[in-house]
Amino acid sequence: MRGVVYVDILFFVNALIGYFLLRAAMQLSGAAAPDWRIYLGAGAAGFASLLLLLPPLPSWLMWGAKLGSAVLIVFTGFPVHSVRGFLKCCFWYVLLNLTLSGVVLAAVWYGAAQNIRTNNLAIYFNVSPLLLIGCIAGVYLAVQLCTRAFGRPQKTRTTPFAAQFDGGRVEGLALVDTGFSVVDPITGAPAFLLSFPAVREVLPPGLVRTLSLYFDDGAMETGGVPLRLIPTKTAAGTRALPAVRVRELRVGGSGTEARYGQICAVFTPERLADGSFCAIVPADNME
């Protein structure tokens with residue numbers, strides 16, 4: 001007997017599934033996304049389910065369509081700060097989809113699933129809405145229990161910043177770190193950390209040349225931009241990193257902006273974390 005697929009039900013049910021899977025993937029990956037993006041991602045998941053209604057496609061095109069739709073759903077649901085962070089969200093979203101598929105198959109194994117339709121690597125079960133909602137709730141509850149038992153990834157607290165150098169200005173997002181505390185040992189001035197690869201394009205040319213010479217050859221350029229070395233403890237250990245005095249540092253958004261005039265910018269040759277921020281500022285200065 002040929003089954004009947006209701007497009008509206010197919011769309012809204014899969015959009016609901018996509019919503020909960022995106023929310024669960026957000027918790028497991030530690031990513032942050034506004035609600036409107038999650039809603040858009042859920043809508044993309046609903047439209048992706050319409051692959052079931054297309055004419056049969058070649059196997060390579062079917063796999064490409066499935067993988068492409070998953071990437072598009074995650075891209076719609078989460079802001080992309082780095083390739084690594086985006087791939088992490090994709091991994092959890094796909095894994096949760098596979099988990100939900102296994103739960104539904106296990107549930108219908110003991111029941112009588114009617115009018116099963118398969119096409120283009122999509123499977124449509126004519127199951128009770130209560131059963132489907134129960135499976136979704138079960139997977140989402142399992143994610144909640146895991147994050148409560150083992151802890152969820154810490155979401156980074158970032159804030160806008162702007163650093164004014166002699167001849168240039170750097171703007172971006174900074175991580176507010178409660179464990180970061182670096183001061184100039186000579187003057188006692190506080191310091192913040194900047195990723196040289198992330199900001200080199202907007203730094204003054206003279207400072208870029210001086211820092212490149214130091215990081216590449218370990219040499220301090222005579223007659224160039226004066227650098228000072230500040231002992232800094234990072235994930236790679238304690239080492240002396242080059243620093244310069246900035247004219248002004250502004251931290252925070254509109255209405256909560258703080259300004260600092262006596263502060264040093266310490267440069268590191270690595271990118272920070274997943275690249276979603278390019279600076280680290282001490283939390284003490286943010287209070």
Side-chain angles (χ1 to χ4, degrees), residues 30 81-88 151 153-252 258-287:
H81 298 298
S82 67
V83 175
R84 180 182 177 185
F86 178 71
L87 292 178
K88 185 188 296 185
Q154 294 295 322
K155 295 181 179 179
T156 56
R157 176 192 170 195
T158 57
T159 185
F161 82 96
Q164 184 66 47
F165 294 85
D166 289 329
R169 178 184 175 90
V170 174
E171 298 180 348
L173 288 179
L175 171 71
V176 182
D177 189 356
T178 57
F180 183 82
S181 179
V182 177
V183 297
D184 185 344
I186 298 178
T187 64
F192 69 102
L193 193 68
L194 270 177
S195 170
F196 179 56
V199 301
R200 68 177 298 161
E201 299 297 329
V202 293
L203 289 174
L207 181 57
V208 172
R209 182 174 59 253
T210 303
L211 290 172
S212 298
L213 182 63
Y214 178 82
F215 287 131
D216 294 340
D217 302 327
M220 304 283 283
E221 182 181 6
T222 304
V225 177
L227 297 179
R228 63 189 71 191
L229 298 180
I230 296 182
T232 307
K233 187 176 182 180
T234 65
T238 301
R239 51 184 175 166
L241 293 177
V244 296
R245 183 70 64 88
V246 300
R247 296 176 59 184
E248 183 183 55
L249 173 68
R250 297 185 179 186
V251 180
R259 299 184 181 184
Y260 307 95
Q262 300 296 323
I263 194 167
C264 293
V266 180
F267 291 90
T268 177
E270 299 90 10
R271 291 190 178 273
L272 302 175
D274 60 357
S276 59
F277 52 89
C278 59
I280 298 179
V281 296
D284 293 342
N285 288 351
M286 290 295 299
E287 299 299 333

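This structure is a prediction, so every number in the text was calculated from the model and none was measured.
The shortest heavy-atom contact between P190 and I263 is O-CG1, 3.1 Å. Shown here for C278 and G172, the closest heavy-atom pair between the two residues is SG-CA, 4.3 Å. Closest non-hydrogen pair, L241 versus P269, comes out as CD2-CD, 4.3 Å.
Remark: P231 pairs with P185 by the side-chain contact (heavy atoms from CB on, under 4.5 Å) rule, at least two apart or across chains. Residues satisfying the side-chain contact (heavy atoms from CB on, under 4.5 Å) criterion with V183, sequence neighbours excluded, are absent altogether. Listed by chain and number, the residues in a ring pair (Phe, Tyr, Trp, His ring centres under 6.0 Å) with Y214 amount to none (sequence neighbours excluded).
To the nearest 0.5 Å, atom CZ of residue F277 and atom CG of residue L193 are 9.5 Å apart. To the nearest 0.5 Å, the span separating CG on L272 from CG on L194 amounts to 8.5 Å.
Between F196 and F267, the ring planes lie perpendicular to each other; the angle is over 60°, past the 30° to 60° tilted range.
Listed by first and then second residue, the side chain to side chain donor-acceptor pair (under 3.5 Å) pairs involving residues 191-204 are R200-S212 (not counting sequence neighbours). Applying the side chain to side chain donor-acceptor pair (under 3.5 Å) test to pairs two or more places apart or on separate chains, those with a residue in residues 241-250 are R245-Q262, E248-R250.
Considering only heavy atoms from C-beta on, L203 comes within 4.5 Å of L211 through its side chain. For the pair F192/V246, a side-chain contact is recorded, criterion being any heavy-atom separation below 4.5 Å from C-beta on.
With F161 as the partner, the side-chain contact (heavy atoms from CB on, under 4.5 Å) test is satisfied by one option alone out of V170, L175, L173: V170.
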Listing, residues 162-169 side-chain donor-acceptor contacts under 3.5 Å, not counting sequence neighbours, or none:
| from | atom 1 | to | atom 2 | distance (Å) |
| --- | --- | --- | --- | --- |
| Q164 | OE1 | R169 | NH1 | 3.4 |
| Q164 | NE2 | G168 | O | 3.2 |
| R169 | NE | E171 | OE2 | 2.6 |
| R169 | NH2 | E171 | OE2 | 3.2 |

